[in-house]
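I have placed the structure first, in the form of structure tokens, so that the comments after it can refer back to it.
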2 protein chains.
Amino acid sequence: MSDTSFNSDTALPDVTGMLCFSLYSAGHAFTQLYRPLLDKLDLTYPQYLVMVTLWNRDGQNVKELGRTLFLDSSTLTPLLKRLETAGLITRTRNPKDEREVLLHLTEAGRVLKSQAANIMRCVEDALGLDAETISAIKASVDRIRDKLRE
Amino acid sequence: MSDTSFNSDTALPDVTGMLCFSLYSAGHAFTQLYRPLLDKLDLTYPQYLVMVTLWNRDGQNVKELGRTLFLDSSTLTPLLKRLETAGLITRTRNPKDEREVLLHLTEAGRVLKSQAANIMRCVEDALGLDAETISAIKASVDRIRDKLRE
DNA sequence: TAAGATTACTTTGTGCACGATCTATATGTC
DNA sequence: GACATATAGATCGTGCACAAAGTAATCTTA
């Protein structure tokens with residue numbers, strides 16, 4: 001075995017040589033980093049992404065939230081119900097269009113926002129990279145994602 | 001609302017401005033791209049990553065596989081049982097150390113490898129980026145992941 | 001060599017993710 | 001207004017992902 005990233009028969013790359021696996025495992029690594037930080041807020045990582053989105057724009061509906069997060073209602077509905085049960089948001093039908101469910105932060109949900117900045121600081125520290133480097137990598141990853149979603 | 005990526009109260013970035021979300025959503029986008037390709041092989045994306053790993057090195061145990069994929073046995077055990085049920089691998093205890101479960105490809109599992117190169121070609125086409133660009137982005141993402149796992 | 005610690009894997013419970021399907025509301029066309 | 005179509009969410013089933021706890025084999029060490 002002279003080369004670990006290719007197989008002698010058909011030159012098949014190893015997972016460690018595949019971009020898709022890098023993204024897959026880096027995403028998981030982020031979730032692991034966030035876990036102990038979010039445990040204090042009793043939030044999972046996807047729940048945190050929802051909260052961040054609502055902190056930036058309260059009162060949007062499930063569809064709009066899903067467009068931002070690239071998630072559909074079959075993922076969001078149960079997650080949002082858990083946030084509602086936890087007392088962080090309310091889910092109410094839009095009187096103007098009863099098909100829509102409007103999402104609003106409760107006071108408890110708004111209060112939680114004050115701890116988010118601290119969490120983001122912890123994550124930046126763990127990364128230990130300057131803002132320009134992070135921003136450049138992010139732009140590349142966004143480009144990949146947008147290419148794949150075409 | 002003059003700036004969509006920051007909130008007026010506490011300058012909280014939007015999810016679309018967070019590197020963690022870029023990785024999270026790019027990972028999902030890859031899974032979505034792979035789905036129709038892997039459906040033909042009756043494999044899920046994580047199952048495919050396991051098969052790629054075994055195609056490169058047959059006969060490793062669950063621990064070693066998990067170290068490569070950054071997954072622990074509570075994720076792998078059920079997944080591997082499904083691959084065994086599908087007739088693609090065998091799971092046998094190591095006679096030298098009965099704690100270990102050795103993973104071996106069956107003939108059907110080996111045959112599947114011949115279709116992997118084609119799948120990888122489809123993915124490259126969808127990305128539509130030259131190898132150096134992809135490789136540079138991959139190196140950045142790996143760097144992030146390894147930083148987070150420190 | 002017997003007791004305690006470690007290791008490899010399994011089991012259990014919770015929460016995503018997502019395809020497929022269903023329900024209720026709204027809209028468009030005649 | 002009646003009927004077809006579209007849209008927004010909800011529900012269901014399958015398969016990860018992972019913490020916590022359990023089991024069995026192996027190693028350590030007194």
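Values in this document were obtained by computation on a predicted structure and should not be read as measured data. Order of the sequence lines sets the chain letters (A, B, ...), proteins ahead of strands, with each chain counted from 1.
For Glu100(A) and dA6(D), the CD to P distance is 19 Å, given to the nearest whole Å. Atoms CG (Leu38(A)) and P (dG15(C)) sit 14 Å apart, rounded to a whole Å. Nucleotide dC18(D) holds its P atom 13 Å from the CG atom of Leu33(A), rounded to whole Å. Look at CZ on Arg67(A): it is 12 Å from C1' on dT7(D), rounded to the nearest Å. The distance between atom CG of Leu103(A) and atom C1' of dA10(D), rounded to the nearest whole Å, is 14 Å. Across the protein-nucleic acid pair, Asp39(B) atom CG and dA20(C) atom C1' stand 13 Å apart, rounded to whole Å. Rounded to whole Å, atom C1' of dC16(C) lies 18 Å from atom OH of Tyr48(A). Look at NE2 on His28(B): it is 14 Å from P on dC16(D), rounded to the nearest Å.
If you check every strand for non-hydrogen atoms under 4.0 Å, Leu76(A) touches nothing. Contacts of Thr75(A) with the nucleic acid, taken as non-hydrogen atoms under 4.0 Å apart, include base atoms.
Residue Asn61(B) places none of its side-chain N or O atoms closer than 4.0 Å to OP1 or OP2 of dA8(C). The side chain of Thr44(B) contributes an N or O atom lying less than 4.0 Å from OP1 or OP2 of dC16(D). Residue Ser73(A) places no side-chain N or O under 4.0 Å from the OP1 or OP2 atom of dA10(D). The phosphate of dT11(D) (OP1 or OP2) has a side-chain N or O of Lys81(A) nearer than 4.0 angstrom. Contact annotation: Arg91(A) side-chain N/O to dA10(D) OP1/OP2 distance is under 4.0 Å. Taking side-chain N and O atoms only, Gln32(B) has a distance below 4.0 Å to OP1 or OP2 of dG19(C). Between Arg35(B) and dG19(C) there is a side-chain polar atom (N or O) within less than 4.0 angstrom of OP1 or OP2. For the OP1/OP2 pair of dT23(D) and a distance below 4.0 Å, the side-chain nitrogens and oxygens of Arg99(B) include no atom meeting the criterion. The side chain of Gln47(B) contributes no N or O atom lying less than 4.0 Å from OP1 or OP2 of dG15(D). Regarding contacts with the backbone of dA24(C), every side-chain N or O of Arg93(A) stays at 4.0 angstrom or more from both OP1 and OP2. Close to dA17(D), at under 4.0 Å from its OP1 or OP2, lies a side-chain N or O of Tyr24(A).
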* Go through Val62(A) and Leu103(A) one step at a time and tell me if the side-chain contact (heavy atoms from CB on, under 4.5 Å) criterion holds. => CA-CA 7 Å; Val62(A) 177; Leu103(A) 307 168; 4.3 Å; yes
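Ion pairing of Arg110(B) with Glu107(B) is present here, as a side-chain N (NZ or NE/NH1/NH2) and a carboxylate O approach within less than 4.0 Å.
Remark: side-chain polar atoms of Arg93(A) are paired, donor with acceptor, to backbone N or O of Arg99(A) under 3.5 angstrom.
Side chain Ser74(A) to base dG9(D): no donor-acceptor pair is found below 3.5 Å.
When all heavy atoms of Gly109(B) and Trp55(B) are compared, the closest pair comes out as O-NE1, 2.8 Å.
Heavy atoms from other residues, nucleotides or ligands lying under 6.0 Å from CZ of Arg91(B) number more than 12.
Map Glu64(B) and Leu79(A) each onto its nearest nucleotide of DNA chain C; the residue landing nearer the 5' end is Glu64(B). Along DNA chain D, the nucleotide nearest to Asp97(A) and the one nearest to Pro46(B) differ in position, and the one closer to the 5' end is contacted by Asp97(A). Each of Val62(B) and Asn94(A) lies near DNA chain C, and the nucleotide nearest Val62(B) is the one positioned closer to the 5' end.
Taking the six-membered ring for Trp and the full ring otherwise, Tyr24(B) and Tyr45(A) have centroids separated by under 6.0 Å.
For Thr77(B), counting side-chain heavy atoms from C-beta on, the closest listed nucleotide (dG9(D), dT11(C), dC16(D)) is dT11(C).
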